[in-house]
Amino acid sequence: MENPEKNTLSEVFFPKSYDFKEKEEKWRKIWTDTKLYEFNYQEGKPTFTVDTPPPYVSADHLHAGHIMSYTQAEFIVRYKRMQGYNVFYPMGFDDNGLPTERFVEKKYKIDKSKITKSEFIDLCLKETEKGIETYRNLWNSLGISVDWSKTYSTIAPLPTKVSQWSILDLYEKGLIYKKELPILWCPFCGTAISQSDLETKERDSKMNYIKFGLSDGSTGIIATTRPEMLPACVAVYFNPTDERYVHLKDTEATVPLFDFKVPIRTSDAVDKEKGTGLMMVCTWGDQEDLEKWRLDNLPTKNLITEDGKITELGGKYQGMGIEEARKAVITDLSEAGILEKQESIIQSVNVHERCDTPVEFVLSKQWFIKITDNKEKWLEMGKKINWFPSHMFNNYEIWVDSLKWDWCISRQRYYGVPFPFWICQDCGEVIVPRKEDLPVNPFEQKPPVDICPKCASKNIEPEKDVMDTWATSSCTPFLLREIVGKPELFPVDVRPNAHEIIRTWDFYSVVKSTMHFNSVPFKNLMISGHGLDEQGRKISKRLGNYTPSDKLVEEYGADAIRYWATGAGLGQNLRFNPKEIKKGKQISTKLWNVARFIMMYDQSNNNSAEPAFEHADKWISEELNKTIEEATKHFEGYEYAKAKMAIEEFFMSKFADYYVEFVKYRLNGEDDASRNAALTILKKTFCNILKMYAPIIPFITEELYQYFKEEKEERTIHTSPWPKVIKSMEQIDISDFNEALTTIDEIRKYKSENQISLGAEIPEYKLNTKVNLDKYGLLVGKVGKVNRFI
RNA sequence: GGGCGUAUAGCUCAGUUGGUUAGAGCGUUACGUUGACAUCGUAAAGGUCUCCUGUUCGAGUCAGGAUACGCCCACCA
């Protein structure tokens with residue numbers, strides 16, 4: 001500085017503008033160094049445990065949507081911390097299972113035949129490490145207050161132990177079984193999947209009308225999108241009331257190309273209007289086939305192998321892929337004149353959500369958890385949870401209603417938590433470890449017995465499958481307490497997540513906690529919406545319609561982006577909006593300047609006169625009380641957006657626009673008692689504003705808090721107590737203060753209309769509005785710079 | 001086909017239990033100010049509160065229906 005003497009004290013403390021890069025960096029470091037967010041259990045202090053979604057490692061596409069959803073939850077966490085809760089806020093990473101494998105396969109363009117299992121797992125571990133690092137850096141830069149010392153990854157020993165314990169417990173309770181059934185299979189990933197892994201995709205397809213030979217020598221036309229399933233055809237159906245076909249009852253049809261006979265049956269479930277009214281059933285082309293097979297004891301014809309090829313059942317088509325076989329069959333049908341016609345249609349197909357491959361039914365032996373026979377229980381437990389927003393419970397309810405199969409939890413993959421089982425190859429007996437030996441790796445460890453307890457065979461092999469990613473992550477509610485060894489942390493207080501994983505993570509967590517402990521896994525569920533781009537499209541990696549998160553923080557600063565995240569209520573989608581981010585910066589600037597203003601007077605004030613409070617002081621204090629009440633109520637209901645609005649209305653419209661103006665004459669005046677009162681109220685009120693803003697914009701509030709906190713207060717705003725309503729100045733009556741406000745507005749308006757500077761003094765002014773001049777004459781006169789009222 | 005959500009100013013959104021002339025911010029326009037303020041102030045323009053029907057003295061708010069968009073689920077012969 002060229003002329004340090006000329007600067008006021010406040011300018012030494014407060015540079016003219018707020019440098020968010022420097023300050024955010026500074027506080028980030030201090031918070032980390034002082035282990036501010038580290039959880040230490042304290043007897044008697046209420047805890048608040050947060051079960052944050054463990055993301056997958058594919059962290060290269062973090063965007064504003066991720067920021068939004070994690071930040072919105074974090075507002076509440078910070079609020080709870082200030083409310084005096086001992087917050088346990090660990091972060092986990094879901095680094096096992098198919099999502100990670102798919103990510104690594106894609107990134108390294110892996111040819112599975114040219115890489116060993118251990119090389120592959122090493123790559124998965126490496127990517128996991130990188131993913132965790134990316135998240136940690138971004139979360140830190142955003143000021144997400146997780147306790148990094150309690151980070152878990154789902155494949156580490158403790159989570160593995162908990163997942164395996166869970167499986168063992170379910171096994172002992174008879175709630176898990178291994179059985180050969182037609183199951184959902186992804187031919188691309190080469191693994192069983194579950195109903196919740198499905199997604200619906202529309203695609204262009206052809207409806208093929210195929211001639212079947214009938215026993216009376218005529219032909220029947222069957223419409224199908226899957227002619228390659230013909231060799232697996234086991235029956236033909238029509239509706240019993242369908243006049244066109246009644247004569248066919250109990251006769252046979254001849255399957256074209258393959259020339260074998262199948263029975264013709266009736267079923268009420270056949271829709272006369274769909275297709276031709278004649279329907280072929282194959283084992284198993286779709287859901288309907290499966291139903292008929294199950295109900296009518298139809299034979300099983302397994303046409304598709306686990307890698308999506310046609311089996312020997314397909315004759316000349318054996319070994320072809322499904323699409324390839326379909327084309328070949330259509331060509332052959334067409335050449336043989338059996339294809340009546342083809343129509344182009346748009347077909348919805350179930351695909352595996354990880355790879356978009358249409359799923360198939362294949363007969364396979366898998367592990368299942370029993371979930372279909374007690375839907376009422378899942379609904380009952382779901383209702384015991386507080387859903388924020390409440391209508392999100394509908395999604396849960398619909399999902400439970402639509403459950404068709406038990407939860408298939410085994411996956412034919414490499415990178416995941418192994419089942420804690422060995423299997424007797426002769427009698428199929430399942431051999432389990434002792435619980436105290438968990439976690440176990442059956443591939444490397446010997447079973448607890450050398451011979452099968454059932455058949456005395458020595459032919460015992462490890463269970464080769466690994467667990468579904470949700471089978472492990474659904475354990476987090478009872479994993480968290482294990483991390484710190486405190487049983488009372490279950491059920492957790494809040495789980496925040498986006499709505500697309502209600503049917504997986506949330507539902508499966510309810511299932512497991514119910515089965516193990518007959519308890520809900522979490523008391524409160526906070527469901528966030530999606531981040532949208534500026535045009536309102538969902539932000540997605542595929543569209544590439546986003547700025548990477550680290551760039552956003554770099555450009556705008558953490559506080560500004562967090563501020564943007566308050567723009568939509570919980571569960572609502574939020575558009576990316578640079579203007580709102582700039583608004584966040586504006587609020588920071590305003591806070592900064594108000595602080596500079598107050599400190600300028602505070603630093604130069606050196607008298608200790610007893611403060612004499614005035615009407616304006618009482619007024620702003622009452623307004624503060626109202627705001628505290630409102631903000632508290634909103635934060636309690638997870639309505640951070642409304643809390644922000646209440647705080648902002650008070651800060652901008654009441655405090656900065658009015659109160660600060662009201663006290664300027666007192667700050668510059670000679671009355672020490674009055675000046676001290678104004679300063680006291682300015683500082684106290686501003687400090688409370690900072691505290692209320694702290695959960696939303698933690699950096700600037702922390703910086704300014706250092707100047708406004710009282711000696712005995714916490715060193716950091718983030719563990720300082722949340723503001724409380726304090727009644728004071730009871731002897732001052734401000735029931736008619738609104739008249740003073742109206743009068744001041746009137747004078748401002750008068751000056752503006754008459755092109756008089758607001759700072760200009762006017763000798764006399766005739767009031768239109770009614771005001772008690774004995775009471776408010778000084779205030780109105782000084783603020784309006786009017787010397788005399790007439 | 002079933003369910004849920006959203007629909008208010010050019011844009012982003014508030015509108016509590018139905019109660020006068022429907023609000024804020026941003027943007028636009030005009031004028032003014034600029035010694036806490038990469039500001040600020042005063043004002044203007046801008047809305048048949050998606051549509052229809054009903055309940056009511058009175059509906060943005062309640063009921064029924066419709067439309068559009070988004071999501072969940074089902075169906076996909």
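Chain A is the first sequence line, chain B the second, and so forth, proteins listed ahead of strands; every chain is numbered from 1. All of these numbers come straight from a predicted model, not from anything done at the bench.
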Would you mind telling me which residue lines up with the more 5' stretch of RNA chain B, A:Y237 or A:Y18, judged by nearest nucleotide? A:Y18
Please determine whether a side-chain nitrogen or oxygen atom of A:Q287 lies at a distance below 4.0 Å from atom OP1 or OP2 of B:A74. no
A:S17 near the nucleic acid: base, sugar-phosphate alone, or nothing, with a heavy-atom cut-off under 4.0 Å? base
Should B:G58 form a Watson-Crick or G-U wobble pair with both distances under 3.5 Å, which nucleotide is its partner? none
Just N and O in the side chain of A:R575: are any of them under 4.0 Å from OP1 or OP2 of B:U12? yes
Searching all strands shown, indicate the nucleotide that pairs with B:U42 (Watson-Crick or G-U wobble; both distances under 3.5 Å). B:A30
C1' gap between B:U61 and B:U16, integer Å: 10 Å
Which value, in whole Å, describes the distance between the P atoms of nucleotides B:C62 and B:C49? 16 Å
Can you measure A:F393 atom CZ to B:C4 atom C1' for me and round it to whole angstrom units? 13 Å
Strictly below 4.0 Å: does A:K642 bring a side-chain N or O up to OP1 or OP2 of B:A14? no
Within this structure, what is the CD1-to-P distance between A:I744 and B:C40, rounded to whole angstrom? 20 Å
Considering only heavy atoms and no angle criterion, is a donor-acceptor pair shorter than 3.5 Å present between the side chain of A:K579 and the base of B:C26? no
Just checking, A:K292 and A:Y237: is the charged tip under 6.0 Å from the six-membered ring centre and within 45° of the axis? yes
Can you check ring pair (Phe, Tyr, Trp, His ring centres under 6.0 Å) on A:W564 and A:F576, steps first, answer last? CA-CA 8 Å; A:W564 161 75; A:F576 182 72; 5.8 Å; yes
Strand partner of B:G35, provided both Watson-Crick or wobble distances fall under 3.5 Å: none
Describe the nucleic acid contact of A:Q572 in one word from base, sugar-phosphate, nothing, applying a heavy-atom distance below 4.0 Å. sugar-phosphate
How is A:A269 classified with respect to the nucleic acid when contacts are heavy atoms under 4.0 Å: base, sugar-phosphate, or nothing? base
Tell me whether the side-chain N/O atoms of A:Q195 come closer than 4.0 Å to OP1 or OP2 in B:C72. no
Counting any heavy atom closer than 4.0 Å, what does A:E648 reach on the DNA or RNA strands: base, sugar-phosphate only, or nothing? nothing
Taking the P atom in each of B:G32 and B:A36, what is the distance between them to the nearest angstrom? 22 Å
B:A74 OP1/OP2 closer than 4.0 Å to side-chain N/O of A:K404: yes
Under 4.0 Å between a side-chain N or O of A:T225 and OP1 or OP2 of B:A77? yes
How far does the C1' atom of B:A77 sit from the matching atom of B:C71, given to the nearest Å? 29 Å
Euclidean distance for P, B:G10 against B:G47 (whole angstrom): 7 Å
Interatomic distance, OG@A:S69 vs CE@A:M526, rounded to 0.5 Å, equals 9.0 Å
Pair A:Q347, A:T225: side-chain N/O donor-acceptor within cut-off below 3.5 Å: yes
Start with the C-alpha gap between A:K766 and A:E746, add the side-chain angles, then the distance that decides, and say whether salt bridge (Lys or Arg N to Asp or Glu O under 4.0 Å) holds. CA-CA 11 Å; A:K766 186 176 185 306; A:E746 183 196 326; over 6 Å; no
Confirm from the modelled atom types if A:T224 and B:A77 form a donor-acceptor pair under 3.5 Å, side chain to base only. no
Counterpart base for B:U48, defined by Watson-Crick or G-U wobble contacts under 3.5 Å: none
Whom does B:G70 pair with, Watson-Crick or G-U wobble, provided both distances fall under 3.5 Å? B:C4
Say you pick atom P in B:G70 and the same atom in B:U29; how far apart are they, in whole Å? 35 Å
Pair A:N208, A:T224: side-chain N/O donor-acceptor within cut-off below 3.5 Å: no
Contact class for A:V281 (heavy atom, under 4.0 Å): base, sugar-phosphate, or nothing? nothing
Which is more 5' along RNA chain B, the nucleotide nearest A:H530 or the one nearest A:V594? Just name the residue. A:V594
Please report the distance, rounded to the nearest Å, between CD in A:Q603 and C1' in B:A36. 14 Å
Under 4.0 Å, counting only non-hydrogen atoms across every strand here, what does A:K538 touch: a base, just sugar-phosphate, or nothing? nothing
Rounded to whole Å, please give me the gap between OH in A:Y750 and P in B:A43. 15 Å
Tell me: CD1 of A:I345 to P of B:C75, nearest whole Å? 16 Å
Is there a side-chain polar atom (N or O) of A:N239 under 4.0 Å from OP1 or OP2 of B:A77? no
